[in-house]
Student: 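First the structure, then my questions, so here it is.
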Number of protein chains: 2
Amino acid sequence: MPRASAPRFTRMTSEDRRAQLMDVALAGLAKGGIQEFTVDRICQAAGVSRGLILHHFGSMGGLLAAVYARLYRETTPNLASLPTDLRLDALIDGTFAPKAFNRDTLNAWVALWGQIANTPKLREEHRRQYATYVEDVSAAIAALPTAPGRDIDARPLAKSLICLIDGLCLQHCLDPEAMPAEAAKEACRTFLAAQLG
Amino acid sequence: MPRASAPRFTRMTSEDRRAQLMDVALAGLAKGGIQEFTVDRICQAAGVSRGLILHHFGSMGGLLAAVYARLYRETTPNLASLPTDLRLDALIDGTFAPKAFNRDTLNAWVALWGQIANTPKLREEHRRQYATYVEDVSAAIAALPTAPGRDIDARPLAKSLICLIDGLCLQHCLDPEAMPAEAAKEACRTFLAAQLG
DNA sequence: ATCCTTACTGAATTACTGTATAGTAAGAGC
DNA sequence: GCTCTTACTATACAGTAATTCAGTAAGGAT
């Protein structure tokens, strides 16, 4: 049939559509947690039909893993690209910047954490990202000038710092007023000052 | 109709039935996360009919809040009952004891955290518990003999410690081998030693 | 032995779940 | 302008969701 009116839908490149769907899904997680992560809601919000998610991601679990990777890439400071002496400051400033340290974003994180145990694809994604995260932070710590008479084991310290950061994020998410960004930064700096000298 | 056979069901006191349903729901959260927290699964596991949860808890949100309170009471060390000089040790030993620091229990915690933002009753419950938790840990820190030439602000330190603990729990839950109990204990002790002297 | 409170059942309601799949059409390449 | 790839729609399917509610019956009280 010859085209009689405007196209019923617009095609995107696979990459663009995937990005759009991930963004919409992420916004849903941020706003309403895992309950918002459904085929219907995501497709309606994106203005596409129900079948498209499966076409691009294979399953909802696939989309969830992709969303995790995207959130990690968008909110975790990229340390590797910086000179070693600036990395720890960049980690703290980046982690607690408004872009990353806000209730919506952290809501999405917590929702994703809650799914890791039950979603194999997500668990793989998490382990991969976490391994490089620990590696990056360890390298940043190891690159610091060692204080005289003190030798530090970078890896466990990096893991502790990451756990502290995760805990601070969790607190801010569950009750923002109980843990504002400034207090969280201060906690990290105190932690590092006490353990690095 | 006169009783012709064994009773079709046994009545419990409201209190006992509530406890049973909370336990069953908790076991579900531990095993399969929030997806397992449904009327059907809980009632089937408890051997009761679908209507009973609503009868006792008003809604699934009510049950969720009750489960949160129960989990807190069962796994968080009770510091108030101890002499002040033992409290911090008790906190660390209790938190990382197998009863509390295992994948199933922590799974339940993470699943509950993921619901706090969307379940008003649960949020209230969390704020209440968290406030007393911070209070208890602050008191335990404040009760320590102050090292000479050092003055510590107990409250922020307590909050930091709690965040570190939460982060360690989260790590263990998401990837137990990456954060065994001993490493977690060590991280807390190092944290305290460095910041308290 | 009967009453009465209330723990409890179980079906109906209404709405939504992810996945499968048959078919449509957009728009780039030729 | 035609063809071809594949992004995309639309519907069917088989479950599963929480909540409502009318009615049943257990078992302590009297």
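All chains are named by letter (A, B, ...) in the order of the sequence lines, taking the proteins before the strands, and each is independently numbered beginning at 1. In what follows, every heavy atom counts, from backbone to side chain, and hydrogens, waters and symmetry copies are set aside.
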Student: Does the base of D/dA18 carry an N or O that pairs as donor and acceptor with the side chain of B/Arg50 under 3.5 Å?
Tutor: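 It does, because a donor-acceptor pair links the side chain of B/Arg50 to the base of D/dA18 below 3.5 Å.
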Student: Examine distances only and state if a side-chain atom of B/Asp153 and a backbone atom of B/Pro156 form a donor-acceptor pair shorter than 3.5 Å.
Tutor: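 Checking the backbone N and O of B/Pro156 against the side chain of B/Asp153, no donor-acceptor pair under 3.5 Å is found.
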Student: Quickly, which of B/Arg127, B/Lys159, B/Arg123 forms a salt bridge (Lys or Arg N to Asp or Glu O under 4.0 Å) with A/Asp175? Name it, please.
Tutor: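 Passing option: B/Arg127.
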Student: Using heavy atoms to find the nearest nucleotide of DNA chain C for A/Gly51 and A/Gln35 separately, return the residue whose nucleotide is more 5′.
Tutor: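 That would be A/Gln35.
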Student: Do the charged groups of A/Glu186 and A/Arg189 touch, with an N to O distance under 4.0 Å?
Tutor: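 Looking at A/Glu186 and A/Arg189, the cut-off is not met.
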Student: Can you see whether A/Gln115 engages B/Gln35 through a side-chain donor-acceptor pair at a distance of less than 3.5 angstrom?
Tutor: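 Their side chains do contain a donor-acceptor pair, which is all the 3.5 Å distance test asks for.
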Student: On the 0 to 90° scale, with breaks at 30° and 60°, tag the A/His126-A/Tyr130 ring pair as parallel, tilted or perpendicular.
Tutor: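 Taking A/Tyr130 first and then A/His126, their aromatic rings lie parallel (interplane angle under 30°).
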Student: Looking only at atom types and distance, does a side-chain atom of A/Thr132 sit under 3.5 Å from a main-chain N or O of A/Gln129, one as donor and one as acceptor?
Tutor: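 Yes.
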Student: Is there a residue in residues 38-48 of chain B whose heavy atoms reach under 4.0 Å of DNA chain D, and which residues are they?
Tutor: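 Under 4.0 Å from DNA chain D: B/Thr38, B/Val39, B/Asp40, B/Arg41.
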Student: Of the non-hydrogen atoms in B/Cys163 and A/Gln171, which two are nearest, and what is the gap between them?
Tutor: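 Taking B/Cys163 first and A/Gln171 second, the nearest heavy atoms are SG-CG, 3.4 Å.
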Student: Please report, rounded to the nearest Å, how far the C1' atom of D/dC8 is from the CZ atom of A/Phe9.
Tutor: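 Result: 4 Å.
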Student: Applying side chain to side chain donor-acceptor pair (under 3.5 Å), can you list everything that pairs with B/Arg11, at least two apart in sequence or on another chain?
Tutor: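 Per chain and number, B/Arg11 pairs via side chain to side chain donor-acceptor pair (under 3.5 Å) with no residue.
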Student: Specify the residues of residues 54-65 of chain A, ordered by number, for which at least one heavy atom lies under 4.0 angstrom from an atom of DNA chain D.
Tutor: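 Going residue by residue through residues 54-65 of chain A, the ones with a heavy atom under 4.0 Å of DNA chain D turn out to be A/His55, A/His56.
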Student: Specify the separation, in whole Å, of atom CZ of B/Arg8 and atom C1' of D/dA26.
Tutor: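 Rounding to the nearest Å, CZ of B/Arg8 and C1' of D/dA26 are 11 Å apart.
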Student: Considering only NZ, NE, NH1 and NH2 on the basic side and carboxylate oxygens on the acidic side, decide whether B/Glu124 and B/Arg128 come within less than 4.0 Å.
Tutor: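 No, B/Glu124 and B/Arg128 are not salt-bridged.
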Student: For residues A/Trp113 and A/Tyr68, establish whether the separation of their ring centroids is below 6.0 Å.
Tutor: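 No; A/Tyr68 has its ring centre 6.0 Å or more from that of A/Trp113.
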Student: Verify, without hydrogens or angle tests, whether A/His56 (side chain) and A/Arg18 (backbone) share a donor-acceptor contact under 3.5 angstrom.
Tutor: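 Checked: no pair found.
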Student: Rounded to the Å, how far apart are A/Phe37 CZ and C/dT17 P?
Tutor: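 About 12 Å, once rounded to whole Å.
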Student: Near DNA chain C, under 4.0 Å by heavy atom, which residues of residues 10-22 of chain A?
Tutor: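 Close to the strand are A/Thr10, A/Arg11.
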Student: Within residues 107-123 of chain B, which residues have any heavy atom lying less than 4.0 Å from an atom of DNA chain C?
Tutor: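 Heavy-atom cutoff 4.0 Å gives no residues at all.
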Student: Quick check: are there more than 12 heavy atoms from other residues, nucleotides or ligands sitting under 6.0 Å from CD of B/Gln44?
Tutor: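 For B/Gln44, atom CD is not crowded (no more than 12 foreign heavy atoms under 6.0 Å).
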Student: List for me each residue that meets salt bridge (charged side-chain N to carboxylate O under 4.0 Å, His left out) alongside B/Lys185, sequence neighbours excluded, and say none if there are none.
Tutor: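 Counting only residues at least two positions away or on another chain, B/Lys185 forms a salt bridge (charged side-chain N to carboxylate O under 4.0 Å, His left out) with B/Asp93.
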